[in-house]
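Because the structure is predicted, anything quoted here is derived from the model rather than measured. Atom set for the values below is all heavy atoms of this structure, side chains included, hydrogens, waters and symmetry mates excluded. Here is the naming used below: chain letters follow the sequence lines, and residue numbers restart at 1 for every chain.
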Amino acid sequence: MSTPASTSANGHPAHLDTVVLTLPASSAYLSVLRTATAGLAARLQFTLDEIEDLRIAVDEACAMLLADGESEEHDLTCRFELATDLITVTVSVSAGSPSLPSRDTFAWQVLTALAGAVDASVVDDQLTIQLTKRRGRAP
Amino acid sequence: MTPREGAALRPQNVHGARRAHIPRPASGGESTASAHELFDRLAAADRGTPVWQALRDELVHRHLPLVHFLVRRFRGRGEPLDDLVQVATIGLIKAVDRFDPQRGIEFSTYATPTVVGEVKRHFRDRGWAIKVPRRLQENMLVVSRASAELFGLLSRAPTIAELAKKAALTEEDVLEAIESSHAYTTVSLDAELDDAAAAANPRHGVDTQAALESIEDRESLRPLLGKLDERERQIILLRFFANMTQSEIAAEVGVSQMHISRLLGRTLARLREGLGNGE
């Protein structure tokens with residue numbers, strides 16, 4: 001994929017820490033992700049707006065994943081990669097035969113507006129959405 | 001009390017609720033009958049007749065201890081106990097009206113969810129989700145004010161660290177307050193919006209038609225946007241089509257940033273649901 005987001009998987013130069021959460025693929029657990037998202041973005045000195053945008057974006061991305069793959073038997077994996085001024089959130093779930101979300105939809109536009117860079121991929125039965133949000137001006 | 005009555009009102013439900021001083025309805029003859037008999041007679045009586053009314057009053061009165069018992073769980077959450085008893089009693093009346101004695105379950109078992117549901121709805125309608133302690137409510141207000149002030153000073157949204165300093169709270173507390181603000185629910189939000197609506201005078205007109213041009217699912221989206229109330233639609237358009245930040249929208253619309261965030265989350269969820277169902 002052509003967005004800058006996909007390069008971070010190879011290790012962003014300013015990469016600091018990684019946090020990985022594995023949860024049941026059920027909307028009941030999304031609040032855990034929201035909380036983690038806010039806490040980690042706050043560590044990177046993101047502003048309130050940026051934190052709230054990212055939190056909503058994670059919610060939206062997970063809703064896309066769970067639309068296909070909501071099942072307590074499957075895992076939803078969420079990987080947060082923290083850099084100095086950048087956070088990459090990669091959420092993925094295994095679904096029956098996942099389809100790649102279309103980039104011309106309102107949902108995709110919402111994701112892009114909230115997160116900045118968005119990427120999606122399907123590998124085998126694994127649907128992955130990656131959000132990369134960069135901190136605005138330094139406080 | 002007959003044994004059957006005792007069963008209808010389980011002992012633990014009655015516990016501690018004897019202090020209630022509610023005048024007995026002036027009903028003749030029913031006071032010695034069991035609750036089961038009364039329910040049978042209520043079912044047989046014509047709705048709205050004086051006989052039906054007297055039986056219903058008697059049944060409601062007999063089960064008031066259940067109301068008091070259930071309401072005790074909600075004490076200390078910022079609502080006067082009397083109000084809660086009143087609300088819960090409405091739940092009890094609904095339960096009495098809907099209870100079918102033929103189904104073989106105890107009335108207290110049947111009524112409990114109805115009564116508790118009524119109290120919970122009351123809390124929701126009052127704006128605070130259940131279990132938001134006072135300290136958190138205060139922190140939320142302080143953080144919300146600090147956020148608006150700092151936005152004015154910095155011309156950008158503050159960081160959590162800046163908010164913590166301004167509000168004299170720890171960063172953890174600030175995060176917790178923001179988190180909790182999402183539990184702050186609908187009815188009072190709408191009320192807040194109505195108040196704010198008078199002050200709001202958006203400068204940024206958004207051409208919805210043009211904005212939707214590039215979107216594939218605009219035909220499904222358009223009616224959904226149409227169903228939103230004016231303020232929700234405005235916030236969605238400003239954030240996603242005019243690319244304003246949450247803080248800018250907050251300043252524009254005249255409500256707090258935290259409020260905008262809540263509304264965005266809620267409205268997006270609703271749109272998502274609509275789009276999902278439309279396919």
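- Listed options Ile51(A), Thr105(A), Asp59(A), Ile56(A) were ranked by heavy-atom pairs under 4.5 angstrom with chain B; first place goes to Thr105(A).
- Listed options Ile260(B), Ile178(B), Leu264(B) were ranked by heavy-atom pairs under 4.5 angstrom with chain A; first place goes to Ile178(B).
- Residue Arg55(A) touches chain B through its side chain alone, counting heavy-atom pairs closer than 4.5 Å.
- Interface remark: Leu114(A) contributes backbone and side-chain atoms alike to the contact with chain B (heavy atom separation under 4.5 Å).
- The side-chain hydrogen bond (donor to acceptor under 3.5 Å, both in side chains) search around Thr37(A) returns none, not counting sequence neighbours.
- Across every non-hydrogen atom of Gly274(B) and Leu224(B), the tightest pair is C-CD1, 3.7 Å.
- The existence of a salt bridge linking Glu149(B) and Lys166(B) is confirmed by a sub-4.0 Å separation between a basic side-chain nitrogen and an acidic carboxylate oxygen.
- Using a 4.5 Å cut-off between heavy atoms, Ile236(B) contacts chain A through its side chain alone, with no backbone atom that close.
- For Asp173(B) and Thr170(B), the side-chain atoms include at least one donor-acceptor pair closer than 3.5 Å.
- No hydrogens or angles considered: a donor-acceptor pair under 3.5 Å links the side chains of Thr35(A) and Glu179(B).
- Both the backbone and the side chain of Leu268(B) come within contact range of chain A, each with at least one heavy atom under 4.5 Å from a heavy atom of that chain.
- In terms of heavy atoms, Met64(A) sits closest to Trp108(A) at CE-N, 4.0 Å.
- Of the atoms belonging to Phe106(A), heavy atoms from both backbone and side chain fall under 4.5 Å from chain B.
- Looking at Thr245(B), both its backbone and its side chain come within 4.5 Å of chain A, counting heavy atoms on both sides.
- Of the two parts of Ser102(A), only the side chain, counted from C-beta on, holds a non-hydrogen atom closer than 4.5 Å to a non-hydrogen atom of chain B.
- Both the backbone and the side chain of Leu48(A) come within contact range of chain B, with heavy atoms under 4.5 Å apart.
- For the residue pair Ser261(B) and Glu52(A), the shortest heavy atom distance occurs at OG-OE2, 2.7 Å.
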